[in-house]
Chemist: 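One structure coming up, written as structure tokens, with questions to follow.
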Amino acid sequence: MGSLAIACVVGARPNFIKAAPLLAEFRRRPRFQPALIHTGQHFSPEMSGSFFSDLEIPPPDVNLEVGGGSHARQTAEVMLRLEPVLAKTRPDALVVVGDVNSTVAAALVAAKLGIRVAHVEAGLRSFDRTMPEEINRLVTDAISDYLFATEASGVRNLLAEGVPREKVFLVGNVMIDSLLRFREKARASDVLLRLCLEERNYAVATLHRPSNVDDPARLAQLVAMLAELSQRLPVVFPVHPRTRERMERTPECNGRLLLTPPMPYLDFLRLIADARIVLTDSGGIQEETTVLQVPCLTLRDNTERPVTVEQGTNRLVGTDAKRAFEAAIEALNAPPERKPAPELWDGRASERIADTLEQVL
Ligand code: UD1
């Protein structure tokens with residue numbers, strides 16, 4: 001049995017959390033020769049560097065330093081800069097995770113060079129093509145050779161699109177691998193102390209989806225809603241750079257609304273684990289709160305992660321600020337019942353993925 005050269009591409013914040021346990025697992029196996037390629041889509045210390053140290057990810061072997069820009073520019077820059085790297089190194093497989101622009105760009109380059117593509121977190125569908133991530137998911141899945149699904153809906157969606165059964169593997173959730181691996185370490189974070197918060201007596205909010213933040217008026221309404229909620233209990237709002245760019249002024253507030261920079265992984269994990277409720281438009285946080293059994297209100301009309309609603313503590317409340325506020329008050333008064341974690345969200349998804357790659361490659 002020969003060695004397996006596996007290149008793993010990451011670009012944006014959620015990618016780092018998903019790739020960390022995969023890289024650790026690949027490194028543990030003598031047959032694997034993993035290489036890490038960072039596209040540089042996210043580049044600031046708070047969106048990238050801190051995740052490498054918190055998640056114990058070794059420095060990337062290559063950094064393409066693409067930075068920000070329009071979707072076309074960002075995707076094209078990743079493709080242009082990645083092609084010579086893959087053409088030279090020709091790994092046995094390229095692993096991509098999630099649904100960001102770096103994911104689809106890297107998958108396209110590898111597929112055209114005849115390098116096999118493994119997509120981790122395949123098959124998720126919001127059925128909303130106004131979301132850039134939905135386009136990225138559809139294209140990446142269509143050209144991948146091995147599709148690793150986190151939940152049963154992912155498998156169903158892929159089969160319904162005509163993907164052959166033998167390409168699809170239900171393996172669980174690598175983001176939850178990280179959560180379980182680092183949960184103990186996160187307990188040591190002093191973030192609650194620094195922000196003067198009491199366990200189970202504050203809310204956490206995150207907003208960064210273009211549909212919620214790109215229109216300054218919409219964003220202002222949502223932030224005003226958080227300010228109002230903060231009269232009931234403190235609300236911590238780590239502000240994503242995209243959101244920060246569009247916030248025109250500091251919200252008026254009679255309560256305790258704490259605006260902070262984006263947080264490192266361990267601080268944020270501690271923060272959501274001990275929150276009373278979470279309000280978010282993120283995909284990953286819907287999954288993390290499901291396992292942490294913290295009530296989550298998702299400020300979107302749809303989710304590509306239905307298991308978090310069916311089996312978890314997640315509720316879709318839409319994007320209307322007034323409705324979201326009412327839902328938050330309801331959740332504070334009557335928290336949803338706690339349920340066990342979804343099937344295979346047990347901290348061993350990376351192991352299953354590595355086992356499968358050993359068999360198929
Ligand atoms: C991207 C992903 C989204 C994911 C999110 C997590 C796509 C299409 N979107 O969205 O799916 O949920 O990451 O954060 O790939 N910026 C900085 N520093 C950084 C990174 C970004 O200041 O380290 C600023 C830049 O001005 C940039 C803007 O934030 O233009 C948006 O970044 P971008 O990578 O385009 O998209 P995200 O909104 O972060």
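Everything numeric here is computed off the predicted structure, so don't read it as measured data. Both counts, for ligands and for their atoms, begin at 1 and track the order of listing.
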Chemist: Look at atom 22 (O) of ligand 1 and say which protein heavy atom is nearest, naming residue and atom and giving the distance to 0.1 Å.
Modeler: P241 CB, 3.4 Å
Chemist: Hey, is P14 one of the residues with a heavy atom under 4.0 angstrom from ligand 1?
Modeler: yes
Chemist: Taking atom types as modelled, is there a side-chain donor on N314 or T298 under 3.5 Å from an acceptor on the other?
Modeler: yes
Chemist: Only counting residues at least two apart or in another chain, list the ones meeting side-chain hydrogen bond (donor to acceptor under 3.5 Å, both in side chains) with T280.
Modeler: T206
Chemist: Look at atom 4 (C) of ligand 1 and say which protein heavy atom is nearest, naming residue and atom and giving the distance to 0.1 Å.
Modeler: H208 NE2, 3.7 Å
Chemist: Nearest to atom 31 (C) of ligand 1, what protein heavy atom do you find, and at what distance?
Modeler: R242 NH1, 3.8 Å
Chemist: Could you give all pairs that pass the ring pair (Phe, Tyr, Trp, His ring centres under 6.0 Å) test and reach residues 196-232, with sequence neighbours left out?
Modeler: H208-H240
Chemist: Suppose I only count heavy atoms of Q41 and a 4.0 Å limit; which atoms of ligand 1 are within that range?
Modeler: 1 (C), 7 (C), 15 (O), 34 (O)
Chemist: How close does the nearest protein non-hydrogen atom get to atom 26 (O) of ligand 1, and which residue and atom is it?
Modeler: E245 OE2, 2.5 Å
Chemist: Identify the residue among V120, L94, L23 that makes a side chain to side chain contact (heavy atoms under 4.5 Å, CB included) with C8.
Modeler: L23
Chemist: Inspect the surroundings of NZ in K185 and state if more than 12 heavy atoms from other residues, nucleotides or ligands are less than 6.0 Å away.
Modeler: yes
Chemist: Report the nearest protein non-hydrogen atom to atom 32 (O) of ligand 1: residue, atom name, distance rounded to 0.1 Å.
Modeler: H42 NE2, 4.1 Å
Chemist: Within less than 4.0 angstrom of ligand 1, does E46 place any heavy atom?
Modeler: no
Chemist: Starting from atom 8 (C) of ligand 1, which protein heavy atom do you reach first, and at what distance in Å?
Modeler: N101 OD1, 3.2 Å
Chemist: Look at the rings of F26 and F32 and say which category their plane angle falls in: under 30° parallel, 30 to 60° tilted, over 60° perpendicular.
Modeler: parallel
Chemist: Looking only at the aromatic ring of each residue, does the gap between the centers of F51 and H42 stay below 6.0 angstrom?
Modeler: no
Chemist: Quick one: which of E133, M131, H71 has a heavy atom closest to atom 3 (C) of ligand 1?
Modeler: E133
Chemist: Are side-chain heavy atoms of E25 and R28 found at a separation under 4.5 Å?
Modeler: yes
Chemist: Nearest protein heavy-atom contact for atom 35 (O) of ligand 1: which residue, which atom, what distance?
Modeler: Q74 NE2, 3.5 Å
Chemist: What is the closest protein heavy atom to atom 19 (C) of ligand 1, and at what distance does it sit?
Modeler: S44 OG, 3.1 Å
